[in-house]
Participant: 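Dropping a structure here in structure tokens format, bear with me for questions.
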Amino acid sequence: YNSNKGINIFLRSDVPPRSGLGSSASAFVSMIGLFNHLKRDKKITDYEIAELAFNLERKELNNMGGKQDQYASVFGGLNYIEFKGNDFIRVNPLRLKQDYINELEKNLVLVHVGARKASGDIIKDQTKSYKKHNKNVTSGLDKTKEIAIETKYALTRGDLDYFGELLHEAWIAKKKFSSMITNPYIDKLYNLARKKGAIGGKISGAGGGGHMILYCKPNREQIVAHELTKAGVKIVPFSFDYNGLQTWEVNENGKNHTR
């Protein structure tokens, strides 16, 4: 930023730190998007914004993790994202029927299940186990990849009950990554949700706390939410976002210019 003027920066977030919802990646993406907006020319692309956000957080600050949060923050929407190594990344938007999207959003419940450790600590633990050739971790990772591919087909077909079942399988596989991913309290809440009408769900992010997403049988989502509220957890309203990174400015006469 090559200006002789100073800048006041204010950060606002709708979720607490260590939420498991990609808040740190979103903060980096927002900051980069802001300064990219201020550039007169040679603006960087969405892919470059995601990569820069990843490098700053994961490499400069050494907070371990993947690239999915950065790309989700930049692009928005429902995507099938391919990570094939050697810096090959492709974001494929899922073109779902609006009926499927409406039903999916309606039947999902997002709950805050409590504070957790820093995500990097959990990732370090599972990486350590992986490098030791822990077969349990390796099988969990392989299964997660298979489920991700199958989930794409379930969503495009509108087979949402199957999507819920896949979420349950993904949670079982994820728990193999590290002993830090779940605890008796989280397991108790998950079992309660399943008993009251959730087909499946999983912790968002590294695990160990934060938020859990649950897919419920049609018209059982309110019952699941009510029972979890009685158990002491907070239900978090949400909606799908399709815009991803947005920047805008307001000049003195009140006209907006949005990227």
Participant: Taking side-chain contact (heavy atoms from CB on, under 4.5 Å) as the definition, give me every residue that meets it alongside D99, ordered by chain and number, with sequence neighbours left out.
Facilitator: none

Participant: Residues two or more places apart in sequence or in another chain: which of them pass ring-ring contact (aromatic ring centres under 6.0 Å, His included) with F28?
Facilitator: none

Participant: Among residues at least two apart in sequence or on other chains, which ones pass side-chain contact (heavy atoms from CB on, under 4.5 Å) with D69?
Facilitator: A25, R58

Participant: Strictly by side chain to side chain donor-acceptor pair (under 3.5 Å), give each pair with a member in residues 147-158 just once, sequence neighbours left out.
Facilitator: E150-Y162

Participant: Is it the case that S24 and E57 place a side-chain donor and acceptor less than 3.5 Å from each other?
Facilitator: yes

Participant: Can you tell me which residue pairs pass the side chain to side chain donor-acceptor pair (under 3.5 Å) test with a partner in residues 181-192, sequence neighbours excluded?
Facilitator: H168-Y190, T182-D187

Participant: Heavy atoms only: give me the nearest D161-Y215 pair and the separation to one decimal.
Facilitator: OD1-CE2, 4.1 Å

Participant: Is there a donor-acceptor contact under 3.5 Å from the side chain of S19 to the main chain of V15?
Facilitator: no

Participant: Name all residues meeting the salt bridge (charged side-chain N to carboxylate O under 4.0 Å, His left out) criterion together with K84; count only those two or more places apart in sequence or in a different chain, and write none if there are none.
Facilitator: E82

Participant: Ignoring hydrogens and geometry, is there a side-chain-to-backbone donor-acceptor pair from S204 to G20 under 3.5 Å?
Facilitator: yes

Participant: Do the side chains of I203 and I213 join up, straight or via other hydrophobic residues, at under 4.5 Å, putting them in one cluster?
Facilitator: no

Participant: What residues join L11 in its hydrophobic cluster, counting side-chain heavy atom gaps under 4.5 Å, either direct or through other members?
Facilitator: none

Participant: According to salt bridge (charged side-chain N to carboxylate O under 4.0 Å, His left out), who are the partners of R220, at least two apart in sequence or on a separate chain?
Facilitator: none

Participant: Run the ring-ring contact (aromatic ring centres under 6.0 Å, His included) test on F88 and F83 for me, step by step, so that the C-alpha distance in whole Å, both residues' side-chain angles and the decisive distance to 0.1 Å come before the verdict.
Facilitator: CA-CA 6 Å; F88 177 94; F83 302 93; 9.7 Å; no

Participant: Between G209 and I186, which heavy-atom pair has the shortest distance, and what is it?
Facilitator: N-CD1, 3.7 Å

Participant: Any donor-acceptor pair under 3.5 Å linking the side chain of E48 with the backbone of T45?
Facilitator: yes

Participant: Check whether more than 12 heavy atoms from other residues, nucleotides or ligands sit under 6.0 Å from atom NZ of K175, and answer yes or no.
Facilitator: yes

Participant: If you measure from NZ on K217 to CD1 on I223, what distance do you get to the nearest 0.5 Å?
Facilitator: 10.5 Å

Participant: Can you find a heavy atom in the side chain of L214 that is under 4.5 Å from one in the side chain of L228?
Facilitator: yes

Participant: Check the surroundings of atom NZ in K39: do more than 12 heavy atoms from other residues, nucleotides or ligands lie under 6.0 Å from it?
Facilitator: yes

Participant: Can you sort out the partners of K67 under salt bridge (charged side-chain N to carboxylate O under 4.0 Å, His left out), two or more places apart, ordered by chain and number?
Facilitator: E51, D87

Participant: Could you check whether any side-chain N or O of K43 sits under 3.5 Å from a backbone N or O of N36, counting only pairs where one atom can act as donor and the other as acceptor?
Facilitator: yes

Participant: What's the verdict on side-chain contact (heavy atoms from CB on, under 4.5 Å) for I81 and F75, showing C-alpha distance, side-chain angles and the deciding distance?
Facilitator: CA-CA 11 Å; I81 307 178; F75 286 89; over 6 Å; no

Participant: Return yes when atom NZ of K106 has more than 12 non-hydrogen atoms of other residues, nucleotides or ligands closer than 6.0 Å, and no otherwise.
Facilitator: yes

Participant: Quick one: are V91 and Y71 in side-chain contact, heavy atoms under 4.5 Å?
Facilitator: yes

Participant: Report the residues that fulfil salt bridge (charged side-chain N to carboxylate O under 4.0 Å, His left out) with D14, sequence neighbours left out, ordered by chain and then residue number.
Facilitator: R12

Participant: Name all residues meeting the side-chain contact (heavy atoms from CB on, under 4.5 Å) criterion together with A170; count only those two or more places apart in sequence or in a different chain, and write none if there are none.
Facilitator: I147, K202

Participant: Please list, chain by chain and in numerical order, all residues satisfying side-chain contact (heavy atoms from CB on, under 4.5 Å) with K59, sequence neighbours excluded.
Facilitator: F54, N55

Participant: For a quick test of reading the model, state the closest non-hydrogen atom pair linking L155 to Y100 and the distance between them.
Facilitator: O-CD1, 3.9 Å

